[in-house]
Protein chains: 2
Amino acid sequence: MPRGWYGGGPGGWWQRQFRGGGYRITMPRQIILQVLDESKRHLSAEDIYLKVYQIYPTIGLTTVYRTLELLVRMGLVFKFDFGDGRARYELTRGDGNLSHHHHLICTNCGRIIDYDDFIEEELELIKKTRQELEKKYGFEIRNHTLQFYGLCKKCKAIKE
Amino acid sequence: MPRGWYGGGPGGWWQRQFRGGGYRITMPRQIILQVLDESKRHLSAEDIYLKVYQIYPTIGLTTVYRTLELLVRMGLVFKFDFGDGRARYELTRGDGNLSHHHHLICTNCGRIIDYDDFIEEELELIKKTRQELEKKYGFEIRNHTLQFYGLCKKCKAIKE
DNA sequence: ATATTATTGAAAATGATTATCAATAAGGAA
DNA sequence: TTCCTTATTGATAATCATTTTCAATAATAT
Ligand SMILES: [Mn+2]
Ligand SMILES: [Mn+2]
Ligand SMILES: [Zn+2]
Ligand SMILES: [Zn+2]
């Protein structure tokens with residue numbers, strides 16, 4: 001269980017989440033979570049499949065999709081669309097957590113920058129907005145995304 | 001030319017954008033833009049196709065897709081993914097514009113709420129963040145999205 | 001009006017995601 | 001442990017939004 005193995009051990013957070021929801025803790029699910037925890041961000045379902053395959057070669061792509069769907073539903077994983085036709089996934093690690101970040105997306109080459117500069121102020125405003133929106137619309141807000149679109153340094157340079 | 005026909009007339013803003021980019025002003029393009037301007041938001045490509053079809057029955061779905069892609073590239077239209085497997089489109093009308101808004105998305109039933117409450121503060125922060133990010137990462141930011149995900153009033157009620 | 005070439009639309013292809021379904025394995029009970 | 005129930009898996013086939021192809025058409029410049 002290398003690195004910050006996400007709530008590791010049989011009593012860990014996600015294990016409890018699973019048991020509480022009546023979901024079984026299976027090898028594919030454990031390994032998918034492990035891969036998500038150990039990898040860089042923004043993995044596609046296939047990226048994940050390939051990495052899991054190294055560890056557990058009987059894995060099926062279908063199971064990866066199904067597990068990701070479950071993890072998203074449980075709030076453990078965030079699903080993104082960066083506009084390249086395939087969904088991307090990354091561990092949530094909670095909304096107030098250190099690793100929370102937002103995205104800068106180049107609409108020309110697809111480059112993604114994760115940033116967490118100025119994120120404190122953002123999160124503060126978002127917290128406030130969130131409360132007001134919950135009050136006004138009766139929504140129970142669980143997560144958010146903030147993405148900026150534009151041209152990255154390189155693409156800007158190329159276009160004169 | 002009903003309603004706020006978006007920069008109407010042959011000297012309008014988008015016509016100039018088209019000419020400037022070397023793009024031709026064709027019937028399909030005009031009507032697609034008209035439909036986007038006159039309709040509610042969050043239309044799928046097929047929604048748009050169906051509406052254009054009423055006015056211009058020789059339209060092809062392919063053309064709708066291609067035109068939307070162009071309009072997105074030109075910054076006239078925003079493309080969203082609300083997680084239901086099809087892209088949604090709406091006119092941009094500029095970043096600082098009155099109609100600028102953000103989204104509240106129910107992850108259970110798919111309901112979307114457009115809101116522009118508290119948007120002034122949001123936009124102010126976003127403007128600031130944007131400037132800093134442009135400086136730090138050399139990105140030329142053209143647009144942004146802020147979306148909140150959670151359970152709408154109804155879905156929250158159903159789940160006890 | 002003519003030439004050039006961007007644009008269109010029908011049809012076929014693509015490719016990510018989902019549905020099916022028989023086989024398997026988690027977790028609870030005994 | 002062993003047995004039972006049923007959630008889960010993985011191979012396969014199906015779906016379906018979006019793209020590609022390509023010959024025909026129409027928008028602009030001269
Ligand atoms: Mn990220
Ligand atoms: Mn909207
Ligand atoms: Zn780029
Ligand atoms: Zn709902």
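All chains are named by letter (A, B, ...) in the order of the sequence lines, taking the proteins before the strands, and each is independently numbered beginning at 1.
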Practice problem: Check the distance between D/dT20's C1' and B/L61's CG and give it to me in whole angstrom. | Solution: 14 Å
Exercise. For B/G85 and for B/M27, locate the closest nucleotide of DNA chain D by heavy-atom distance; then report the residue assigned to the nucleotide nearer the 5' terminus.
Key: B/G85
Exercise. Send over the distance from A/Y53 OH to D/dT9 C1', rounded to a whole Å.
Key: 16 Å
Quiz item: Per the atom types in the model, does the base of C/dG28 pair as donor or acceptor with the side chain of A/R24 at under 3.5 Å?
Solution: no
Exercise. Using atom OH of B/Y89 as one end and atom P of D/dA17 as the other, report the distance to the nearest whole Å.
Key: 12 Å
Practice problem: Check every atom of D/dT28, D/dG10, D/dT20 against the side chain of B/T62 and return the nucleotide holding the closest atom. | Solution: D/dT20
Quiz item: Using a cut-off of less than 4.0 Å, is there contact between a side-chain N or O of A/T58 and OP1 or OP2 of D/dG10?
Solution: yes
Self-check item: Sole candidate of A/Y115, A/F80, A/Y149 that passes ring pair (Phe, Tyr, Trp, His ring centres under 6.0 Å) when paired with A/H103
Solution: A/F80
Quiz prompt | A/T26, nearest nucleotide to its side chain (from D/dT8, C/dT17, D/dT20) | solution = D/dT8
Practice problem: Might you confirm whether atom OH of A/Y53 has over 12 heavy atoms from other residues, nucleotides or ligands at distances under 6.0 Å? | Solution: no
Quiz item: Taking atom types as they are modelled, is there a donor-acceptor pair under 3.5 Å from the base of D/dG10 to the side chain of A/R66?
Solution: yes
Quiz item: For C/dT18, does either OP1 or OP2 sit under 4.0 Å from a side-chain N or O belonging to A/Y65?
Solution: no
Quiz item: Is the shortest side-chain N/O distance from A/R29 to OP1 or OP2 of D/dA7 below 4.0 Å?
Solution: no
Practice problem: Check the distance between D/dA27's P and B/F18's CZ and give it to me in whole angstrom. | Solution: 14 Å
Quiz item: Roughly how far apart are A/L104 CG and B/I141 CD1, rounded to 0.5 Å?
Solution: 5.0 Å
Quiz item: Over how many whole Å does the gap from B/Y49 atom OH to D/dT18 atom P extend?
Solution: 15 Å
Quiz prompt | Integer-rounded Å distance: C/dA6 C1' and B/I25 CD1 | solution = 13 Å
Quiz item: Given atom CD of B/Q30 and atom C1' of C/dA6, what is their separation to the nearest angstrom?
Solution: 16 Å
Quiz item: Whole-Å distance between D/dT18 P and B/E69 CD?
Solution: 12 Å
Quiz prompt | Over all atoms of both residues, closest heavy-atom pair of B/K51 and B/S39 | solution = CD-OG, 3.4 Å
Quiz prompt | Non-hydrogen side-chain atoms of A/H102 and A/I126 separated by less than 4.5 Å | solution = yes
